[in-house]
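For reference, the structure is listed below as structure tokens.
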Amino acid sequence: MIKNKLNEFEADWAAMPQLEKEQLQKLRNKTILISGHTIARCLCYALLYQNETRNLGINVIFSDFDTSQISDIYSELVLRDDFEFVDYNSLSKIKKADYIVHTALCAEKVQSFAASLKSETAAAKAVCALAGKTGARVVLLSDSRVYGSAEPGRVYAENEYATLNSRDEGCFENQLLRSIEAYFNCEKKSAGFELTTLRTGIVLGADTGLKTPFDDVFKAVANGESATLFSSERKYSLVYISDVFKAVVCSLTEIKSNEVYNVTGINSTVSTGMLSAVLTDIYHGQAKIELDGRGEINACAILGSKLEDNGCPPAVKLETALELCVMSYMENSAGAALPNTHDGRLGAIQKIQLACLLEVDRICKKHNIRYFLGGGTLLGAIRHGGFIPWDDDSDIMMLREDYDKFCEIAPDELPPFLSFHSNKTDKNNYYEFAKLRVNNTVFATELAKSHKSINNGIALDIFCHDKTANSALGQKIHLNMTIFTRALVLNKWNKTKTSNGSKFQTAVTNLCVKLFPLNFSLWLMNHTISFFKHKKNAKYLYDGMGRNVYNGSFPAELLDKAIYMDFAGEMLPVPEKYDGYLRFLYGDYMELAPLSTRLGCHDIRLCDIGKYDRLS
């Protein structure tokens, strides 16, 4: 299994954590030809990894010039039923390809113009011939060198180019990339296949084999050594390989074809001075970087808003990309959390969360209310004996009778530093579930911060796991109604549009969002979630209030009984059958999350922990 061959950094980008499950499902049972060099091989690993972890059934065909290239791929791949190597001379024998991804010279250093022109033209000819024969949708990867030698201060959109000057170093690389793009566009018109061109910034990728001008700096920072970086007049756009893969999948399945899109990371267009400053901000004294002399890279700053406006925004911040690259050079980085989490506040936040949990435990014991640690908090208890090291929130779960009792009692039982909030107690609060908030703190995501009339303090989330139907059909109807009514409330409240399900379902939901008053939708959602609360002998439960609603129902017996386990030095309740419940939620729950996602489960935009800062 390739999953067992990849290290933690390889597994991170192979897992494609920036893509939603529904996006990857669109590749199910497709035949995809991947051709090119380093990025192509990495994409092969990623697609095969998806086959193993998501059972997508993708047939991966990898093509390069000759079989000697296969030495760069794990030898076991040639024995897999879902993988095939075909050299360019043999591509004509392939009878079916749904998609083709040709990475060409993207992120590759060119040694010889003449040799590369000959070989890359031959590769392009073979790939285009196959596209014309099979009608496959094609994605061509290029990079920012295609824009030419950038002027200082310029950021290039897709239809803007600098003049190529033969005296500029690397000009032949720019010409090669333009030639490859031109060839594919000519063949697209003559052969009639769909083509999307993606131009990337400088591609970063921990343990990918990609070479960048900053590798020596990353290695020096990892080891606490001094490094020198030239000072540039220009800015350069960078992008982590995960966002390149995200753009590729979106180009194959979602966004408009026969267009050119730039691919960049979040806030990732920087000068070398800015790059040095970001690394210093993250690693402080460990980053000993000196800017020395003038220099330039054969790359430029590019604008990625067109791709974002077409529904494929970047997901990886520059800080995260740099941290991953630096960590890949560290000797003992396995299992580590990223160092820049919550600007040094994470330890204090977890202590605050633990205090909230202990207050819940006190109240529940006093009033004989049963509850369990839930979600990531339960996972942390079992896997880490406390909080997941990079987690920033806490969850508990209750059954309906206990949940209703707690919601009634809690407001009068809480100490002054806490307050209780639900959509039944707060006029402008439309969350599906209840929360305890730490007063005089702020902890808000991009969406949450727009709701200024509600308490946005550090929160402990309280979920109810409700009864559902015993029949598969009844469960399906209940689940779909829950998703529908939740969309009515959340999209109306947040002023967003839904895009779940088919085009018809999406249209109906968005129409109802416009027509239904928010309070009516809230009433409908609450009654839908608790529809079976009086049902006797219910055999199944579901998480109608949380993100796990999409997992469907699970046997009620999994939450029959609580046992107490150590959580950060305190004894707190977990389900006796926690193994079955966690497998229902996460599958192999003992496997760590992809490294790039270890930044907490929320993208926090406002964070102020007030007087609790002394806990840091």
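Keep in mind that this is a model prediction, so the values were computed, not measured. Sequential numbering from 1 along the given sequence is applied to the chain's residues.
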Heavy-atom check, side chain of [X] versus side chain of [Y], under 4.5 Å:
{"X": "Phe520", "Y": "Leu488", "value": "no"}
{"X": "Cys356", "Y": "Leu418", "value": "yes"}
{"X": "Thr377", "Y": "Leu572", "value": "no"}
{"X": "Glu8", "Y": "Leu592", "value": "yes"}
{"X": "Leu541", "Y": "Leu399", "value": "yes"}
{"X": "Phe372", "Y": "Ile396", "value": "no"}

Tell me if the [atom1] atom of [X] is crowded by more than 12 foreign heavy atoms within 6.0 Å.
{"X": "Tyr540", "atom1": "OH", "value": "no"}
{"X": "Asn4", "atom1": "CG", "value": "yes"}
{"X": "Lys26", "atom1": "NZ", "value": "yes"}
{"X": "Asn267", "atom1": "CG", "value": "no"}
{"X": "Phe531", "atom1": "CZ", "value": "no"}
{"X": "Glu401", "atom1": "CD", "value": "no"}
{"X": "Asp309", "atom1": "CG", "value": "yes"}

For [X], all residues meeting salt bridge (Lys or Arg N to Asp or Glu O under 4.0 Å), sequence neighbours excluded:
{"X": "Glu22", "answer": "none"}
{"X": "Glu591", "answer": "Lys3"}
{"X": "Arg583", "answer": "Asp579"}
{"X": "Asp207", "answer": "none"}

Working to the nearest 0.5 angstrom, can you tell me the gap between [X] [atom1] and [Y] [atom2]?
{"X": "Asp543", "Y": "Asn548", "atom1": "CG", "atom2": "CG", "value": "5.0 Å"}
{"X": "Tyr240", "Y": "Asp12", "atom1": "OH", "atom2": "CG", "value": "5.5 Å"}
{"X": "Phe9", "Y": "Leu324", "atom1": "CZ", "atom2": "CG", "value": "7.0 Å"}
{"X": "Asn456", "Y": "Asp608", "atom1": "CG", "atom2": "CG", "value": "12.5 Å"}
{"X": "Asp461", "Y": "Asp395", "atom1": "CG", "atom2": "CG", "value": "5.0 Å"}
{"X": "Thr425", "Y": "Lys435", "atom1": "OG1", "atom2": "NZ", "value": "12.5 Å"}

Backbone N/O of [Y] and side chain of [X]: donor-acceptor pair under 3.5 Å:
{"X": "Arg400", "Y": "Lys533", "answer": "no"}
{"X": "Gln350", "Y": "Asp391", "answer": "yes"}
{"X": "Gln50", "Y": "Ala14", "answer": "yes"}

Show your working on side-chain contact (heavy atoms from CB on, under 4.5 Å) between Gln18 and Phe245 and close with a plain yes or no. CA-CA 9 Å; Gln18 286 68 34; Phe245 289 168; over 6 Å; no
Pairs where residues 406-417 contributes a residue and the test salt bridge (charged side-chain N to carboxylate O under 4.0 Å, His left out) is met, not counting sequence neighbours: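 Non-adjacent pairs meeting salt bridge (charged side-chain N to carboxylate O under 4.0 Å, His left out): Arg362-Glu413, Lys366-Glu413.
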Among residues two or more places apart or on two chains, list those pairs meeting salt bridge (charged side-chain N to carboxylate O under 4.0 Å, His left out) that have a residue in residues 479-496. Glu432-Arg486
Could you walk me through whether Phe443 and Asp393 pass side-chain contact (heavy atoms from CB on, under 4.5 Å), step by step? CA-CA 10 Å; Phe443 201 69; Asp393 76 341; 5.7 Å; no
Over 60° means perpendicular and under 30° means parallel, so tell me whether Tyr581 and Phe584 are parallel, tilted or perpendicular.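 Answer is tilted, since the angle falls between 30° and 60°.
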Classify the side-chain pair Tyr542/Thr482 by whether it contains a donor and acceptor separated by less than 3.5 Å. yes
Nearest heavy atoms of Gly304 and Thr264, plus distance in Å: CA-OG1, 4.0 Å
Minimal non-hydrogen separation, Ile241 against Gly205, with atom names: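 Nearest heavy atoms, Ile241 then Gly205: CG2-CA, 4.2 Å.
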From CA spacing to verdict: side-chain hydrogen bond (donor to acceptor under 3.5 Å, both in side chains), Tyr612, Asn440: CA-CA 10 Å; Tyr612 304 103; Asn440 301 313; over 6 Å; no
So, do Phe554 and His465 have ring centers that fall under 6.0 Å from each other? yes
Would you say the rings of Tyr403 and Phe463 are close, in the sense that their centroids are separated by under 6.0 Å?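 Aromatic pair excluded; centres sit 6.0 Å or further apart.
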Among His478, Lys535, Lys539, which residue meets the side-chain hydrogen bond (donor to acceptor under 3.5 Å, both in side chains) test with Thr468? His478
The single option from Asn423, Asn494, Asn519 passing side-chain hydrogen bond (donor to acceptor under 3.5 Å, both in side chains) against Tyr430: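 Option passing the side-chain hydrogen bond (donor to acceptor under 3.5 Å, both in side chains) with Tyr430: Asn519.
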